[in-house]
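See structure below.
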Amino acid sequence: MPETERPHPLSIRLQKPGYVELVFSLVLVWGFGDALSTLFAARFAGPGLEANPWIRALLFHEPLLVVALKMAVVLYVGVVLLECRDLVERVPLWRAWLLGVVAVGALVVLGNTYVGLAAVA
């Protein structure tokens with residue numbers, strides 16, 4: 001390889017995330033992250049601050065049902081997205097859309113965590 005084509009030793013090469021990686025990220029953030037951060041916020045700030053009335057009712061009744069519901073919904077979404085891969089990949093900007101959904105989920109998790117931490121302080 002000529003000297004001009006050799007990459008810098010400290011350079012980082014970013015690759016676009018693949019479809020399965022994005023679906024896995026979505027399931028992880030919206031399933032696991034959202035469920036745990038919701039329980040964390042409800043534990044320290046109280047379940048009355050939950051914006052979703054269905055989730056709020058479950059938090060008052062049985063918090064573990066929140067985990068079960070969120071995991072079931074996100075598992076279903078993940079399976080549907082994997083089964084519909086060919087269709088989704090034909091949609092323009094599908095990768096940006098999935099990245100956006102993961103980013104919004106990350107913001108929700110951060111918001112829930114902030115609420116819980118603010119209540120602890």
As an exercise, state the distance from [atom1] of [X] to [atom2] of [Y], rounded to the nearest 0.5 Å.
X: Arg56; Y: Leu49; atom1: CZ; atom2: CG; value: 9.5 Å
X: Trp54; Y: Leu69; atom1: CH2; atom2: CG; value: 9.0 Å
X: Leu65; Y: Phe60; atom1: CG; atom2: CZ; value: 14.5 Å
X: Asn112; Y: Phe40; atom1: CG; atom2: CZ; value: 10.0 Å
X: Leu81; Y: Trp94; atom1: CG; atom2: CH2; value: 10.5 Å
X: Gln15; Y: Glu21; atom1: CD; atom2: CD; value: 8.5 Å

Is there a path of hydrophobic side-chain contacts, each under 4.5 Å between heavy atoms of I/L/V/M/F/W/Y residues, joining [Y] to [X]?
X: Val66; Y: Val115; value: no
X: Val88; Y: Val20; value: yes
X: Trp97; Y: Leu99; value: yes
X: Leu110; Y: Val108; value: no
X: Val79; Y: Phe24; value: no

Do other residues, nucleotides or ligands put more than 12 heavy atoms under 6.0 Å from [X] [atom1]?
X: Glu83; atom1: CD; result: no
X: Arg43; atom1: CZ; result: no
X: Tyr114; atom1: OH; result: no
X: Leu93; atom1: CG; result: no

For the side chain to side chain contact (heavy atoms under 4.5 Å, CB included) test, which of Leu39, Leu58, Leu59, Ile55 pairs with Pro47?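 The passing option is Leu59.
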
Determine the minimum heavy-atom distance between [X] and [Y], stating which atoms define it.
X: Ala106; Y: Val29; answer: N-CG1, 3.4 Å
X: Asp34; Y: Val109; answer: N-CG2, 3.6 Å
X: Val27; Y: Gly78; answer: CG2-CA, 3.9 Å

Mind running side chain to side chain contact (heavy atoms under 4.5 Å, CB included) on Arg95 and Tyr19 for me, showing each step along the way? CA-CA 8 Å; Arg95 185 175 280 120; Tyr19 186 84; over 6 Å; no

Check the pair Trp30, Lys70 against side chain to side chain contact (heavy atoms under 4.5 Å, CB included), reporting the backbone distance first and the verdict last. CA-CA 8 Å; Trp30 279 104; Lys70 287 181 181 273; over 6 Å; no

